Amino acid sequence: MGARRWSGVVKVASLLAAAGLWQLLTVTDARLWLTFDRLPTLDEIAGEAARRLATSVFYLDLLQSLVRILTGFGLAAVAGLAVGIAVARSPHTRDVVLPLLEALRPIPAIALVPVAILLFPTDEQGIVFITFVAAFFPIMVSTRHAVRALPTLWEDAVKTLGGGRRHVLWNVVLPGILPGLFGGLSVGMGVAWICVISAEMISGEFGVGYRTWQSYTLVDYPAVIVGMITIGLLGWLTSAAIELIGRKATRWLPRAEGSTA
Amino acid sequence: MTTLAQRTTTAEAQAGLGFHLEALSLGYSRDLVLREIELEVVPGEVLVIVGSSGSGKSTLLRSLAGLLRPYSGRVLAGGAEVAATSGDRAMVFQDDGLLPWRTVRRNVELPLRIRRIPRRERAAAAHAWIGRVGLAGSEDKLPRELSGGMRQRVQLARALVGAPRAVLMDEPFGALDAQTRAQMQRLLLDVLRDTRATVVFVTHDVDEALLLADRVVVLERQGIRSVIEVPGPRDPDADRGELRARILEEL
């Protein structure tokens, strides 16, 4: 058996083992130190999932959460990139903007919920705002570090070929920071999901986070688990998409021989 | 009418750029690398700068390129003070000067893109130069797929494709093995025959200096120790034992 296939078998077996353990603990209503007696079994979860998948509300929730996260994250990607480059390349911008950003950065985005509610006319915009803030900082910081880590040699080369600031930006800075930027985008997407789901739980009508919390208050535990699984899958899919795009965009990077990671 | 490809690969290139260094000091106030040097670089000549490491060879070259401002004094290029970089003074670096995300073709086309040369003309000129440096067939490779010698061939093509009036070369063959280095020196001599560009070439290899130079400048302790004329013709087999001994003594 090839190493690749073996690795695939191990991955599937690991997931199956975790599911089996869950089933064992919930079917037997295990009351160890942790209590599993109120948690749904796999068949209850599967039944609930099948019911949910047949409703249009499920897809509306999905769509709503995706629109929120993609809007917030998309804005954060553009703003984080622009601010990160400006701060790294212009000492003047750095002096004006950085103290403010550094003061705001330690505040968890989710702590901005009260401000968002006061600030924006609708909950919808507030949720997008929180998602934006959450994703902005990792993207901005990683962009800034990536710009500063660029070897000056490439910039010198473009300049001595007749290039000006604009050419350096397009031909050196933007392509050169891609490896670092995608790291930031990946982290940004992760925290964006945390924040969009949390914000939906606090305020909002529709959305996977809202539905999951609502199911909990209605004591519909299988639906809570279905919501959690949905959130997990969405987060995983969006991260994988970023990973894939990042790898395509940085094909020029030297890679270790035979590396598949 | 000649195409850009013809223009840049044949002798129709513009006349070389002369440099005039006036009481030039480079470095920082307490830590001057070069102090009040005077030097004339004749249009079209190959001037090789030698000196031990730390003698300011690369620093001097960077000031000619416009990458480094003088601490005091002036650098004139073609009679005008050098205030910034220019495509007229193309630079070739020791290693890794290529943009790693651009293929060979796109690296070579870069100076023409910067000048907004139309796509078709750009492609033809790049194609001609890639062939000229012996890399036909490697147009779509990325720098990481090339050997050190091949990368320097690309740098050479990229520097010359825009027909600059001066080429500034900072130990371009310093990282290559002896055999590749000899090949590259031959290629450079060959290519230079077709251009009227002034070449300022930095090396710490005296034999390389004697092979390529019209004149050799020996740098030492913040200044110019001597300027030595190398009588032509350039010939890898010429015996230059006497000159060699003289330069080694100066170093």
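So you know, we letter chains A, B, ... as the sequences are listed, proteins then strands, and number each from 1. Since the model is a prediction, treat every value here as computed from it, not as a measurement.
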Worksheet item: Please walk me through it: do B:Val92 and A:Thr160 pass side-chain contact (heavy atoms from CB on, under 4.5 Å)?
Response: CA-CA 9 Å; B:Val92 175; A:Thr160 58; over 6 Å; no
Kindly indicate whether the side chain of [X], heavy atoms from C-beta on, has any atom under 4.5 Å from the side chain of [Y].
{"X": "B:Leu110", "Y": "A:His167", "answer": "no"}
{"X": "A:Leu153", "Y": "B:Asp95", "answer": "no"}
{"X": "B:Met91", "Y": "A:Asp156", "answer": "no"}

Which atom of [X] lies closest to which atom of [Y], heavy atoms considered:
{"X": "A:Leu161", "Y": "B:Ile114", "answer": "O-CD1, 4.1 Å"}
{"X": "A:Ala157", "Y": "B:Gly97", "answer": "CB-O, 3.6 Å"}
{"X": "B:Arg144", "Y": "A:Arg251", "answer": "NH2-O, 2.6 Å"}

Worksheet item: What distance separates A:Trp170 CH2 from B:Arg113 CZ, expressed to the nearest 0.5 Å?
Response: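 A:Trp170 atom CH2 to B:Arg113 atom CZ measures 11.0 Å (nearest 0.5 Å).
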Practice prompt. Would you give the length of the straight line joining atom CD of A:Glu155 to atom CG of B:Leu99, rounded to the nearest 0.5 angstrom?
Written response: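 If I round to the nearest 0.5 Å, the distance is 11.5 Å.
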Item to complete: Under 4.5 Å, counting heavy-atom pairs only, tell me which of B:Pro143, B:Pro100, B:Ala159 racks up the most with chain A.
Response: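 Of the options given, most contacts go to B:Pro100.
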Discussion item. Under 4.5 Å from any heavy atom of chain A, what part of B:Leu98 do you find: side chain, backbone, both or neither?
Written reply: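 For B:Leu98, the contact with chain A is made by the backbone alone.
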Worksheet item: Side chain, backbone, both or neither: which part of B:Asn107 has a heavy atom under 4.5 Å from chain A?
Response: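 Nothing of B:Asn107, per the 4.5 Å heavy-atom cut-off to chain A.
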Discussion item. Heavy-atom count check: over 12 atoms from other residues, nucleotides or ligands less than 6.0 Å from B:Arg115 CZ?
Written reply: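 Counting other residues, nucleotides and ligands, CZ of B:Arg115 exceeds 12 neighbours.
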Worksheet item: Which is it for A:Trp154 and B:Phe93 under the side-chain contact (heavy atoms from CB on, under 4.5 Å) test, yes or no, and what are the steps along the way?
Response: CA-CA 10 Å; A:Trp154 294 334; B:Phe93 301 86; over 6 Å; no
Practice prompt. With side-chain contact (heavy atoms from CB on, under 4.5 Å) as the test, would you mind laying out the steps for A:Asn171 and B:Arg102 before giving the verdict?
Written response: CA-CA 9 Å; A:Asn171 295 301; B:Arg102 284 180 165 254; 2.9 Å; yes
